[in-house]
Each structure stands twice: as C-alpha cells, then as structure tokens.
Amino acid sequence: MAGVVVFHSALGLRPAIETFAGRLREDGHEVWTPDLFAGSTFDDVDAGVAEVDRLGMEAVLARAAEAVDPLPAEVVYLGISLGCMPAMQLSATRPGARGVVQVQSVVTPEDFDLPGWPEQLPVQLHVSPDDPWQDDVDQLVPSVPDGLLDVHTYPDTQHVFMDDELAVYDPAATERFTAAVLGWLAAR
C-alpha cells in the first residue's frame, strides 16, 4: 500500500478531505492531510483564494514542504485544486515521489521553472471540463512521457464536487473519483 499526502483546496482542510483520507486508510494506505491554513476553512472558493492571497503562495508552499519534511520520501502526493501546487512541486523536487494526483487543477513542473516532467513519475488527473477554476488539461499532456498519464473527466460537475457539505456535491462523481484513485494507488 502507498503512503499518500493529501493537500486540500483553497477551501481549507474541510471534513470532506478527512472523509476521503479515511476511505484511503480503509483500503490500507497511510495518509497524511496537512493543514496549510492553520485551521481556517471556507464555504466559498473566492474566500479561500483571498486567504491564499493574504498568506502568499510562497508561504503556502513552504507550509506544505515543512509538513512533509518528517514523512517518508516514498509517497504519492495528491492535490485538490490549490493543493495541486504543493503536490506537483514536491513530487518534482523531493526525491522518492511515487506519483502525483491532480484533482481539478493542472500544474506542470514548468510552473515552477523546472526543466520538465520528472523521470518515471506517474500522474493521475481528475478534471471537470467546464470548471472555471481549472486550467486546460491540454497544457499538461505534452509534458508527460508516454504511459505515465491517467486522465479522468467528470462532465456536468462543478469545482470541488466531492465536498458533501457544499451545494455542488455530486455523490456519483465522488464515488467514481474515489474508486479511480484507489485503483491507481493499488499500483503504487
């Protein structure tokens, strides 16, 4: 089983993240859920983005690096929306990464001025085609070597559709998302 670090979205470390992490644990994975906002959570993406702006992205990334410092090197990094930034950065710069999962965001090593996709780093991508908070998946595809990219799409869903406390919650898409992540992690 894999060690998995789950980085939350701009909404903070909400109960839905812990529920998802619990599901991964039930499947035998060791899971860590760093709180990059020191307890602050939000019901609105704009409010969460304002918190990121207040803290500064560099501070958020530094908190993520500090949170994983005591953890084993060989982990999978999973980021949800904003969480894709530290997930990608750490998977590309911290030796030992076993994979990266990007959920409702698309981040490349080039976003951090890194030379290219880390050798042999598998990536699973979960995207909602009409999500205004997510970049186009086509920007990531050319940078990933053949055989390392696994893409899942969720038509007719909205940003952070897996949070059961929000109006955008989609239980069927959430179950499909969770099953896809569990299947992918089984190979790590």
Side-chain angles (χ1 to χ4, degrees), residues 4-21 23-24 33 36-37 40-55 57 60-61 64 76-92 99-112 117 121-185:
V4 183
V5 180
V6 178
F7 290 112
H8 60 74
S9 74
L11 297 178
L13 187 57
R14 294 173 51 86
I17 300 293
E18 294 296 354
T19 298
F20 173 69
R23 181 63 186 91
L24 299 181
T33 56
L36 305 179
F37 291 174
S40 295
T41 61
F42 306 92
D43 293 329
D44 174 79
V45 176
D46 290 324
V49 169
E51 178 68 0
V52 173
D53 291 343
R54 185 187 74 74
L55 294 170
M57 184 54 76
V60 171
L61 293 173
V76 170
Y77 297 96
L78 186 150
I80 300 171
S81 189
L82 164 76
C84 292
M85 291 294 285
M88 185 70 247
Q89 183 183 45
L90 290 165
S91 66
V100 61
V101 179
Q102 296 187 29
V103 183
Q104 296 190 297
S105 187
V106 178
V107 180
T108 68
E110 291 81 8
D111 291 326
F112 297 101
W117 195 260
L121 180 71
V123 58
Q124 188 178 60
L125 189 62
H126 298 269
V127 295
S128 299
D130 297 322
D131 183 349
W133 287 99
Q134 158 194 299
D135 294 323
D136 187 0
V137 66
D138 291 339
Q139 75 179 14
L140 179 69
V141 172
S143 68
V144 181
D146 288 342
L148 296 179
L149 179 63
D150 179 30
V151 180
H152 298 264
T153 59
Y154 303 86
D156 304 319
T157 60
Q158 297 182 38
H159 202 64
V160 293
F161 64 81
M162 65 287 296
D163 191 319
D164 62 353
E165 294 183 339
L166 300 176
V168 298
Y169 177 59
D170 185 322
T174 299
E175 187 56 38
R176 199 163 55 93
F177 159 72
T178 303
V181 171
L182 288 171
W184 190 82
L185 288 174

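We number each residue from 1, following the sequence as shown.
Side-chain contact between Thr174 and Phe20 is absent, with no heavy atoms from C-beta onward closer than 4.5 Å. Side-chain contact between Leu24 and Val181 is present, with at least one heavy-atom pair separated by less than 4.5 Å. Side-chain contact between Gln124 and Val151: absent, with no pair of heavy atoms (C-beta onward) separated by less than 4.5 Å. Residues His8 and Ile80 fail the side-chain proximity criterion, which asks for heavy atoms closer than 4.5 Å. The shortest distance between side-chain heavy atoms of Phe42 and Val49 does not fall below 4.5 Å. The side-chain heavy atoms of Val100 and Leu121, taken from C-beta on, include a pair separated by under 4.5 Å. Using a 4.5 Å cut-off on side-chain heavy atoms (C-beta onward), Phe7 and Met85 make no contact. At least one side-chain heavy atom of Trp117 sits less than 4.5 Å from a side-chain heavy atom of Pro145.
Between Tyr169 and Asp163, the shortest heavy-atom distance links the atoms CB-O, 3.3 Å. Listed here is the closest heavy atom pair of Asp150 and His152: OD2-NE2, 3.0 Å. When all heavy atoms of Val101 and Val76 are compared, the closest pair comes out as CG2-CG1, 4.2 Å. In plain terms, the two heavy atoms of Ser81 and His159 that are nearest each other are OG-NE2, 2.7 Å.
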Open item on the list: Working note: Val127 + Gln104, criterion side chain to side chain contact (heavy atoms under 4.5 Å, CB included); need CA distance, chi angles, decisive distance, verdict.
Closed with: CA-CA 5 Å; Val127 295; Gln104 296 190 297; over 6 Å; no
Open item on the list: Is there a side chain to side chain contact (heavy atoms under 4.5 Å, CB included) between Tyr77 and Val4? Walk through the geometry before answering.
Closed with: CA-CA 6 Å; Tyr77 297 96; Val4 183; over 6 Å; no
Task: side chain to side chain contact (heavy atoms under 4.5 Å, CB included) between Glu51 and Phe37, worked out - done: CA-CA 8 Å; Glu51 178 68 0; Phe37 291 174; 4.2 Å; yes
- [ ] Any chance you could lay out the side chain to side chain contact (heavy atoms under 4.5 Å, CB included) test for Ile17 and Val6, step after step, and finish with the verdict?
- [x] CA-CA 8 Å; Ile17 300 293; Val6 178; 4.0 Å; yes
- [ ] Would you please test Gln158 and Ser128 for side chain to side chain donor-acceptor pair (under 3.5 Å) and show each step?
- [x] CA-CA 7 Å; Gln158 297 182 38; Ser128 299; over 6 Å; no
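Annotation: Asp46, atom CG; neighbour count of heavy atoms from other residues, nucleotides and ligands within 6.0 Å is above 12.
One finds the OG atom of Ser9 at 9.0 Å from the CE atom of Met162 (value rounded to the nearest 0.5 Å). Note: Thr41 OG1 to Leu13 CG = 8.5 Å, rounded to the nearest 0.5 Å. Atom OG of Ser105 and atom CG of Leu125 lie 9.0 Å apart (nearest 0.5 Å). From Leu78, atom CG reaches atom OG1 of Thr33 across 11.5 Å, with rounding to the nearest 0.5 Å. Leu82 contributes atom CG, which lies 9.5 Å from atom CG of Leu11 (distance to the nearest 0.5 angstrom).
For Asp170, the salt bridge (Lys or Arg N to Asp or Glu O under 4.0 Å) criterion is met by no residue, not counting sequence neighbours. The ring pair (Phe, Tyr, Trp, His ring centres under 6.0 Å) check on Tyr154 picks up His126, Phe161, with sequence neighbours excluded.
A donor-acceptor contact shorter than 3.5 Å is absent between the side chain of Gln89 and the backbone of Leu61.
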